[in-house]
Amino acid sequence: TWQMMYPDSPADYQVTDIDKIGEYFFSSRTAGISRSLDQGNTWQLLLSLPSTDGLTLFEMVVSNTTLFACMRNGGC
């Protein structure tokens with residue numbers, strides 16, 4: 001199970017998707033796409049979202065060693 005480690009953190013810490021390719025973890029957050037090489041202890045923002053409305057996010061799909069991401073509306 002997953003739970004928020006830092007419930008008082010800013011909105012850009014909200015993870016919407018996570019995938020692994022090789023040694024890297026990739027996460028789609030409200031800030032954009034980030035990666036981690038140390039099992040999620042630290043994250044590097046690779047691609048930020050043009051909007052900070054909290055409703056736009058990246059949907060990620062992995063195929064072999066390629067990560068595909070497409071922007072979509074995350075609202076209900």
Side-chain angles (χ1 to χ4, degrees):
T1 59
W2 291 84
Q3 65 183 16
M4 275 294 263
M5 291 181 62
Y6 309 104
D8 297 327
S9 63
D12 71 337
Y13 278 63
Q14 294 177 7
V15 176
T16 57
D17 196 4
I18 190 163
D19 284 300
K20 185 175 183 191
I21 300 175
E23 297 298 313
Y24 284 101
F25 280 101
F26 291 87
S27 72
S28 174
R29 304 180 305 153
T30 48
I33 294 178
S34 299
R35 74 175 175 185
S36 174
L37 186 57
D38 59 5
Q39 305 297 310
N41 289 316
T42 59
W43 293 90
Q44 174 190 15
L45 185 63
L46 300 176
L47 181 64
S48 59
L49 281 165
S51 171
T52 57
D53 60 11
L55 297 177
T56 306
L57 55 91
F58 282 109
E59 187 74 34
M60 299 188 312
V61 176
V62 173
S63 177
N64 296 321
T65 59
T66 304
L67 177 76
F68 297 92
C70 107
M71 245 187 323
R72 73 172 180 86
N73 187 350
C76 295

Using atom types as modelled, flag every donor-acceptor pair under 3.5 Å from a side chain in residues 31-40 to any protein atom, sequence neighbours excluded.
residue : atom : partner : partner atom : Å
Ser34   : OG   : Arg29   : NE           : 3.2
Ser34   : OG   : Arg29   : NH2          : 3.1
Arg35   : NE   : Gln44   : OE1          : 3.1
Arg35   : NH2  : Gln44   : OE1          : 3.3
Ser36   : OG   : Asp38   : N            : 3.3
Ser36   : OG   : Asp38   : OD1          : 2.8
Ser36   : OG   : Gly40   : N            : 2.8
Ser36   : OG   : Thr42   : O            : 2.8
Asp38   : OD1  : Asn41   : N            : 3.1
Asp38   : OD1  : Thr42   : N            : 3.0
Asp38   : OD1  : Thr42   : OG1          : 3.3
Asp38   : OD2  : Thr42   : N            : 3.4
Asp38   : OD2  : Thr42   : OG1          : 2.7

**Inter-residue atom distance Ser28.OG - Arg72.CZ, 0.5 Å rounding** = 8.5 Å

**Prompt:** Who pairs with Val61 by side-chain contact (heavy atoms from CB on, under 4.5 Å), at least two apart in sequence or on another chain?
**Reply:** none

**Asked** Do Leu47 and Val62 share a hydrophobic cluster (ILVMFWY, side-chain heavy atoms under 4.5 Å, transitive)?
**Response** yes

**Message:** Count I, L, V, M, F, W, Y as connected when their side-chain heavy atoms are under 4.5 Å apart, and connections chain through other members. Are Leu45 and Tyr24 then in the same cluster?
**Reply:** no

**Prompt:** What are the two closest non-hydrogen atoms of Phe26 and Trp43, and how far apart are they?
**Reply:** C-CZ3, 4.2 Å

**Reported CG-to-CD1 distance for the pair Asn64 and Ile21, which is rounded to 0.5 angstrom** = 9.5 Å

**Message:** Counting C-beta onward and ignoring hydrogens, is there a side-chain heavy-atom pair between Phe58 and Asp17 closer than 4.5 Å?
**Reply:** no

